[in-house]
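Below: one structure, written as structure tokens.
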Amino acid sequence: MAKNSILNKIYNTGPLILLYYLCISEVDTNLENVFEIFTLNFQIIIIYFWVLKKPEVMANGHIFLAGLINDVVMGFPLGISSLSYLIIIFVGTYVRNKSVNTTIASDWFTFLMAMVLSSILFFSLLNNFSDLSFPLTKIGYNMFFTLFMFPIFWLLFNLYQITFVGPRDV
Amino acid sequence: MSVSRDDFSIAFRSALLQRGGAQKFSVLSLILLALIIFFLDVYGVKFTKPVRGFINDVVYRVTFLASAPTRFFPEIGKDFSNFLNVKGENERLKAEIEKYKLLELNVEFLKDENKNLQKILETEYFNQNLSNIILAKVLVDKNSPFLKSIIINKGTSTGILKGMPVTKDNYLVGRIVETNYLSSRVLLLNDLNSRIPVTLNQGAQAILSGGGTSKPVLEYLPEDFEITEGINIFASGKDGIFTPGTPIGKTNNEGEVELFIDPNQLSFVTVNLNIQEKGNF
């Protein structure tokens, strides 16, 4: 029984560990060397899925901290990734409060809303308050591929949730 | 209608303020905290710089450790394939040594000739103190879709300052844009925000502009200038940052610049501490 409980704890912290690891390590989800325009914001997919499906595994404070770490590693002004992640949490929690059961299509659509809001905030703050500037095409490619890959990761995370974490709490 | 509006406001408020269970902080409080941190960092209040520097140093070292497995496994594969090719490589290297022995004489002659010519021109870089060049290890090389930069393991403690040029094997790779006590961030030549004055081997001046891709492009070329394949690009040094004549890359048939050093394959770089002493930053 105790062994099971430890295993459950490990499974439950899996997504959070993945988020932290992606933020702090050199591992990236961009295949620019293979396909130059392919860039992906994997962190927001992880956050959105788990906030929507099982918010207990993604505490707000941890996501905030992961954002700060991401800013340091990437060289962005501190707090900007945290803000963008918090917008994702906000939309995810709102959708969760308003809906009883969701499908992959509805999650995909609401993810688009969350991503657009978070990206607008992220890039407008960066362009207006820092020396960094980014062309719209790069941002567009990043958003397009993130949106495009969402259903694939949705299925993978869903499988992980069903197998290891358990169903959504009502 | 009013019920629907109530639903909306309840869900909205709940999403912003909800706490309890695993959520110890509400989204709204964290958003406010993130905004405060952001503006403190951007507007550089006196105490934020050393704090940011300390956080950077700690996080960069943790990143270096956390990335060890990702560096370790590709290295094993590379070592194994090198081991299998060792005999063939030995023969190839022997042939290359012979070739370079012949070239060495030529180089000696050219070196003397170059020294004499520099004496005639009295260039300010002739007596440059090469002992002020330090070797640094690349700690973090995270491939961001928007920023192309690396973190090196030397900072202000070794005399590194913002703006110093960074090279590898005497080829230019970028410049220092952020300094901490024990680490620094190098902005690579292919970064979107990188612009450096260059000279072409035909004497024309231009600006090398990073596009976020692996190959930067040339801008502000003279009118009617036609870019052909194989033109060598050097730093012009007009900005007072880069040493004039530092080789950078070669143009390809699409008019882009293929850098001599692959920005994704950096493990050690050198930082020239001389330049900062001359420039005003």
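Lettering of chains follows the sequences in order, A, B, ..., and the numbering in each one begins at 1.
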Under 4.5 Å to a heavy atom of chain A? For B:L187 that would be neither

Count the heavy atoms belonging to other residues, nucleotides or ligands that lie under 6.0 Å from CZ of B:F25, then report whether that count exceeds 12.
-> no

Inter-residue atom distance B:I37.CD1 - A:S82.OG, 0.5 Å rounding = 7.0 Å

If you take all heavy atoms of A:L86 and B:A34, which pair is closest and at what distance?
-> CD1-CB, 4.4 Å

Heavy-atom closest pair (B:A11 atom, A:K98 atom, distance to 0.1 Å) is CB-CD, 3.5 Å

Can you establish whether the number of heavy atoms outside B:F39 located under 6.0 Å from its atom CZ is more than 12?
-> yes

Closest-packed option against chain A by number of heavy-atom pairs under 4.5 Å, given B:L65, B:I151, B:V140 = B:V140

Taking atom CG of B:L28 and atom CZ of A:F90, what is their separation to the nearest 0.5 Å?
-> 9.5 Å

Contact origin within B:S26 toward chain A - heavy atom pairs under 4.5 Å | backbone

Atom pair CG (A:D131) and CG (B:N193), whose distance is rounded to the nearest 0.5 Å | 8.0 Å

Chain A: which of B:L30, B:N56, B:V27 shares the most heavy-atom pairs with it under 4.5 Å?
-> B:L30

Chain B contact via A:F123 - which portion, at a heavy-atom distance below 4.5 Å | side chain

Go through the atoms of A:Y21 and report whether side chain, backbone, both or neither lie under 4.5 Å from a heavy atom of chain B.
-> side chain

Mind checking whether A:N97 and B:F12 have side chains closer than 4.5 Å, heavy atoms only?
-> no

Side chain, backbone, both or neither: which part of B:R13 has a non-hydrogen atom closer than 4.5 Å to chain A?
-> neither

Are A:L78 and B:F38 close enough that some pair of their side-chain heavy atoms sits under 4.5 Å apart?
-> no

Whatever's closer than 4.5 Å to a heavy atom in chain B on A:I63 counts as neither

May I ask you to test the A:F129-B:D41 pair for a side-chain heavy-atom distance under 4.5 Å?
-> no

Examine whether an atom of A:Y94 lies under 4.5 Å from a heavy atom of chain B, and if so say whether it belongs to the side chain, the backbone or both; otherwise answer neither.
-> both

Closest heavy-atom contact between B:A66 and A:I24?
-> CB-CG2, 4.0 Å

State the CE-CZ distance between A:M74 and B:R185, to the nearest 0.5 angstrom.
-> 9.0 Å

Tell me, out of A:G92, A:G67, A:G79, A:S81, who's got the most heavy-atom pairs with chain B below 4.5 Å.
-> A:G79

Please determine, among A:I87, A:V91, A:L125, A:I89, the option with the most heavy-atom pairs under 4.5 Å with chain B.
-> A:L125

Name the region of B:L192, side chain, backbone, both or neither, that has any atom closer than 4.5 Å to a heavy atom of chain A.
-> side chain

